[in-house]
Asks: 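Attaching a single structure in structure tokens format; questions to follow.
We name chains A, B, ... by the order of the sequence lines, and we start the count at 1 in each one. Heavy-atom basis, side chains included; hydrogens, waters and symmetry copies ignored.
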Amino acid sequence: MTEQSKSALEDDVPEQMRIRREKRSRLIAAGLDPYPVAVPRTTTLKALRERFADLEIDVATGESESVTGRVIFKRDTGKLAFATLREGDGTQLQVMFSLDRAGEDVLAAWKSDVDLGDLVSVTGEVITSKRGELSVLASSWMHAAKALRPLPVEHKPLSEETRVRMRYVDLIMRDTARDVARLRPNVMRSLRESFHARTFIEVETPMLQVLHGGATARPFVTHINAYDMDLFLRIAPELYLKRCVVGGLERVYEINRNFRNEGADSSHSPEFAMVECYESFGDWNSIADLTRGLVQEAAMSVFGSHLVTHADGSVRNLGGTWHEISLFGAISKALGTEVTGITSYDELLKHAKAVGLSVDPKWIPGKLAEELFEYLCKDQLQEPTFVRGFPVDTSPLVRAHRSEAGVAEKWDLYIDGFELATGYSELIDPIIQRERLTEQSLLAAKGDTEAMQLDEDFLRAMEFGMPPMGGMGMGVDRLLMALTGLGIRETILFPLVKPE
RNA sequence: GCGCCGCUAGCUCAACUGGCAGAGCAGCUGACUCUUAAUCAGCGGGUUAUAGGUUCAAGUCCUAUGCGGCGCACCA
């Protein structure tokens, strides 16, 4: 780059960034490295705070430490300057620079070279100030990294868009952002421990699939050059996990990403984390117990309680046994007349029109029943509730109910009005499974982009004998939402955003 | 995908029926040895998202585009 074009570029940047770049150049010219390979660090701010938790006011410990952190406050007074450092876990500590201790040059350099947002290393004696604040009284300091961009205002919340687009800044500035970032791995660990305690084993199955199946959703399509063929990003791991069960991995689970090429909003992300599990010789009842256990153990693990406090301050109780309602029972109650899994499409349509539900003519009868349920009953589902007995025709991988006609042994778990998980008694008869998937593939042929494809290898696996089992899928992002009351984009560190 | 609303300084926001584009924090200069969003004095910082149009005059009105938010639809 020529000097001329460089200066043109420099002229373009905002004043505050220009000044910081000039400071960087000045440091380098003075033989100081604004980006050194290593800096002194003898302890963390957190460890130091814990070690000196009970110091009196205005105490000098005689102990020297080197601490690092990001400068988040800076108060340059005449001969005694203060700053607050913050570490990645949110712990803060004051550092002080006095003319007596540091000397004129060190104090002057600190005042002129350091800006809010810089990462620094400060070495000095651990003391408490006359106001009682635990501090490191500097004898020396150096940059760990010069920040070229100013931090946003500490005391005004960042706009939601900036928080999502610049999550690194959000993490620097906001406690809740840091807490949620740490909550997710804690919940994942709890899930894995819960599964481990129940002798489930974790498996990893393909994300790139030749056929998409295991759920009804539009997939993302990609292409493998080596085989010159299209592949699908998986919409669910179900068909591979069931292959594992056929092979004798009796209790399996997977926690990983699914991809669905559908709308994105406050509770939907195109890529989302899912825990899915299968329990041989279990059914929809045992898998419901397991699901409740997973959620309650996660709450206990991360909050120490089944009572969880949401972002808006409200408290939800996830403890005890949960409500169970029947899907058709709830519809019947809301309509005041009996509706079941064998109620005809025409009759369902009549009810839908009577209550003012606008009906898509493409809906099959089971879909219409589900829509009726959501329209009439969904607002009753704030507390954890298993909604049991979904229509067979919308549940192609689920066993028919052992006694109710037209109904499958499938439940949905609702918390806070959204669907957190779904569980089945899995269909294990390969002949019926083939019929169901054939129906799906006919729907696909008619242009239903969400219908499942006919997976011959999966059917072949079933024909070797699949044990009776319960299965469950739960959105990890949604579990975090249920635990925190936050939107899905808050629970995902880097949700998809369109480029600026 | 459709509808409504928004986009102004580094950040968060003002600017009445069109009439000199402002504040707080942040920044720069100076003062201050106990500050906690320090205080005091002074000073800078803007292609009002982008492109076009109407008008003597546009942040404000019109058109298009981009990005965002909310609602609807689809879905976990």
Side-chain angles (χ1 to χ4, degrees), chain A residues 12-20 22-23 57-58 72-84 92-102 107 111-112 115-117 127-135 137 147-166 169-170 173 214-219 235-236 257-276 358 360 362-363 367 370-371 374 412-415 418-422 448-450 473-479 481-482 487-489 497-500:
Chain A
D12 229 28
V13 307
E15 181 193 34
Q16 297 197 41
M17 286 178 60
R18 201 190 68 239
I19 288 165
R20 285 169 183 246
E22 287 165 3
K23 287 186 182 181
I57 290 175
D58 201 11
I72 56 155
F73 290 116
K74 191 161 177 269
R75 296 173 282 279
D76 291 341
T77 53
K79 299 181 182 63
L80 181 65
F82 301 85
T84 303
Q92 298 180 188
L93 187 77
Q94 178 166 276
V95 292
M96 297 167 59
F97 294 80
S98 75
L99 183 64
D100 294 344
R101 183 66 62 104
L107 179 62
K111 285 193 202 173
S112 64
D115 293 301
L116 286 183
I127 64 159
T128 51
S129 71
K130 286 179 184 169
R131 292 275 188 274
E133 184 84 31
L134 183 64
S135 309
L137 179 60
L148 296 185
R149 288 176 184 269
L151 290 177
V153 179
E154 173 86 13
H155 314 288
K156 295 275 186 180
L158 268 181
S159 69
E160 189 166 339
E161 185 183 356
T162 307
R163 286 179 3 206
V164 170
R165 285 195 188 275
M166 297 195 281
V169 176
D170 190 31
M173 301 306 296
T216 52
R218 288 185 68 178
I235 55 174
R257 226 73 68 81
N258 290 344
F259 305 87
R260 298 189 183 177
N261 206 342
E262 289 162 348
D265 61 28
S266 62
S267 63
H268 296 85
S269 170
E271 55 176 310
F272 61 101
M274 182 99 164
V275 50
E276 206 165 292
S358 57
D360 185 332
K362 287 188 301 222
W363 289 348
K367 177 69 178 167
E370 287 179 14
E371 291 290 336
E374 290 206 9
D412 274 3
L413 171 62
Y414 280 83
I415 295 184
F418 62 80
E419 187 188 335
L420 175 63
T422 186
D448 183 342
T449 51
E450 294 179 1
M474 174 163 60
V476 175
D477 315 286
R478 292 198 162 186
L479 176 56
M481 290 163 63
I488 198 167
R489 280 155 66 94
V497 283
K498 286 197 192 178
E500 290 167 275

Asks: Among B:C34, B:U33, B:C74, which is the nearest nucleotide to the side chain of A:F82?
Replies: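 Closest of the options to the side chain of A:F82: B:C34.
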Asks: Phosphate oxygens OP1/OP2 of B:U12: is one of them under 4.0 Å from a side-chain N or O of A:S159?
Replies: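 True: A:S159 side-chain N/O within range (under 4.0 Å) of B:U12 OP1/OP2.
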Asks: With a cut-off of less than 4.0 Å, is there a side-chain N or O of A:K130 near OP1 or OP2 of B:C34?
Replies: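 No, no such contact exists.
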Asks: When you check every protein heavy atom under 4.0 Å of nucleotides 41-49 of chain B, what one-letter string (B, S, -) results, 5' to 3'?
Replies: ---BS----
Asks: Mind checking what makes side-chain contact (heavy atoms from CB on, under 4.5 Å) contact with A:A421, not counting sequence neighbours?
Replies: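 Counting only residues at least two positions away or on another chain, A:A421 forms a side-chain contact (heavy atoms from CB on, under 4.5 Å) with A:T291, A:W411, A:L413, A:M472, A:M474.
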Asks: Check salt bridge (charged side-chain N to carboxylate O under 4.0 Å, His left out) between A:E371 and all other residues, then give those that pass, not counting sequence neighbours.
Replies: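 A:K367.
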Asks: Which residues satisfy the side-chain contact (heavy atoms from CB on, under 4.5 Å) test with A:M17, sequence neighbours excluded?
Replies: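 For A:M17, the residues satisfying side-chain contact (heavy atoms from CB on, under 4.5 Å) (neighbours in sequence not counted) are A:V13, A:P14, A:R21, A:R149, A:P150.
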Asks: Would you mind building the protein contact string for nucleotides 3-8 of chain B? One character per nucleotide, 5' to 3', B for base within reach (heavy atoms under 4.0 Å), S for sugar-phosphate only, - for untouched.
Replies: ------
Asks: At under 4.0 Å, does any side-chain N or O of A:R489 touch on OP1 or OP2 of B:G69?
Replies: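 Indeed, a polar side-chain atom of A:R489 lies that close.
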Asks: Who are the salt bridge (charged side-chain N to carboxylate O under 4.0 Å, His left out) partners of A:E154, not counting sequence neighbours?
Replies: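 Listed in chain order: A:R86.
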Asks: So A:D100, base contact, sugar-phosphate only, or nothing? Heavy-atom distance under 4.0 Å.
Replies: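 It contacts base atoms.
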Asks: What does A:L99 touch in the nucleic acid at a heavy-atom separation under 4.0 angstrom: a base, only the sugar-phosphate, or nothing?
Replies: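 Base: the residue A:L99, judged by heavy atoms under 4.0 Å, touches a nucleobase.
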Asks: If you only use heavy atoms from C-beta on, which nucleotide in B:G68, B:U36, B:U33 is closest to the side chain of A:Q94?
Replies: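 The answer is B:U36, which lies nearest to the side chain.
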Asks: Test your reading of the model: is there a side-chain donor-acceptor pair from A:R260 to the backbone of A:I235, 3.5 Å cut-off?
Replies: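 Between the backbone of A:I235 and the side chain of A:R260 there is a qualifying donor-acceptor contact (under 3.5 Å).
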Asks: Out of B:G24, B:U36, B:G68, which has the shortest distance to the side chain of A:E133?
Replies: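 Among B:G24, B:U36, B:G68, the one nearest the side chain of A:E133 is B:U36.
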Asks: Could you work out, with side-chain contact (heavy atoms from CB on, under 4.5 Å) as the rule, every residue matching A:K79, not counting sequence neighbours?
Replies: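 Here the qualifying residues are A:L99.
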Asks: Restricting to salt bridge (charged side-chain N to carboxylate O under 4.0 Å, His left out), what partner residues turn up for A:R75, sequence neighbours left out?
Replies: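 Testing A:R75 for salt bridge (charged side-chain N to carboxylate O under 4.0 Å, His left out), a comparison that skips the adjacent residues, returns none.
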Asks: With A:E161, which residues qualify under side-chain hydrogen bond (donor to acceptor under 3.5 Å, both in side chains), at least two apart?
Replies: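 Testing A:E161 for side-chain hydrogen bond (donor to acceptor under 3.5 Å, both in side chains), a comparison that skips the adjacent residues, returns A:R165.
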Asks: Which helical stems does RNA chain B take part in, if a stem means at least 3 consecutive Watson-Crick or G-U pairs with both distances below 3.5 Å?
Replies: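 Output for stems: B:1-7 with B:66-72, B:10-13 with B:22-25, B:27-31 with B:39-43, B:49-53 with B:61-65.
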Asks: Is A:L151 touching bases, backbone alone, or none of the nucleic acid, heavy atoms closer than 4.0 Å?
Replies: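 No contact.
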Asks: Among the nucleotides B:G10, B:A37, B:C74, which one has an atom lying closest to any side-chain atom of A:E371?
Replies: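 That would be B:C74.
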Asks: When you measure from the side-chain N and O atoms of A:R75 to the phosphate of B:U39, is any distance below 4.0 Å, counting only OP1 and OP2?
Replies: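 False: A:R75 side-chain N/O out of range (4.0 Å or more) of B:U39 OP1/OP2.
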Asks: Could you pull out all residues at least two apart from A:D115 that satisfy salt bridge (charged side-chain N to carboxylate O under 4.0 Å, His left out)?
Replies: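 Partners of A:D115 under the salt bridge (charged side-chain N to carboxylate O under 4.0 Å, His left out) test: A:K23, A:K146.
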Asks: What nucleotide, of B:U36, B:U33, B:U12, holds the atom closest to the side chain of A:S98?
Replies: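 Selected nucleotide: B:U33.
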Asks: Tell me what A:D115 touches on the nucleic acid: a base, only sugar-phosphate, or nothing, going by heavy atoms under 4.0 Å.
Replies: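 Answer is sugar-phosphate: A:D115 comes under 4.0 Å of backbone atoms only.
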Asks: Which of these nucleotides, B:C74, B:G27, B:C34, is closest to any side-chain atom of A:M96?
Replies: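 Shortest atom-to-atom distance from the side chain points to B:C34.
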Asks: Using the side-chain contact (heavy atoms from CB on, under 4.5 Å) criterion, which residues pair with A:L116? Sequence neighbours excluded.
Replies: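 Applying side-chain contact (heavy atoms from CB on, under 4.5 Å) to A:L116 gives A:R20, A:V71, A:K74.
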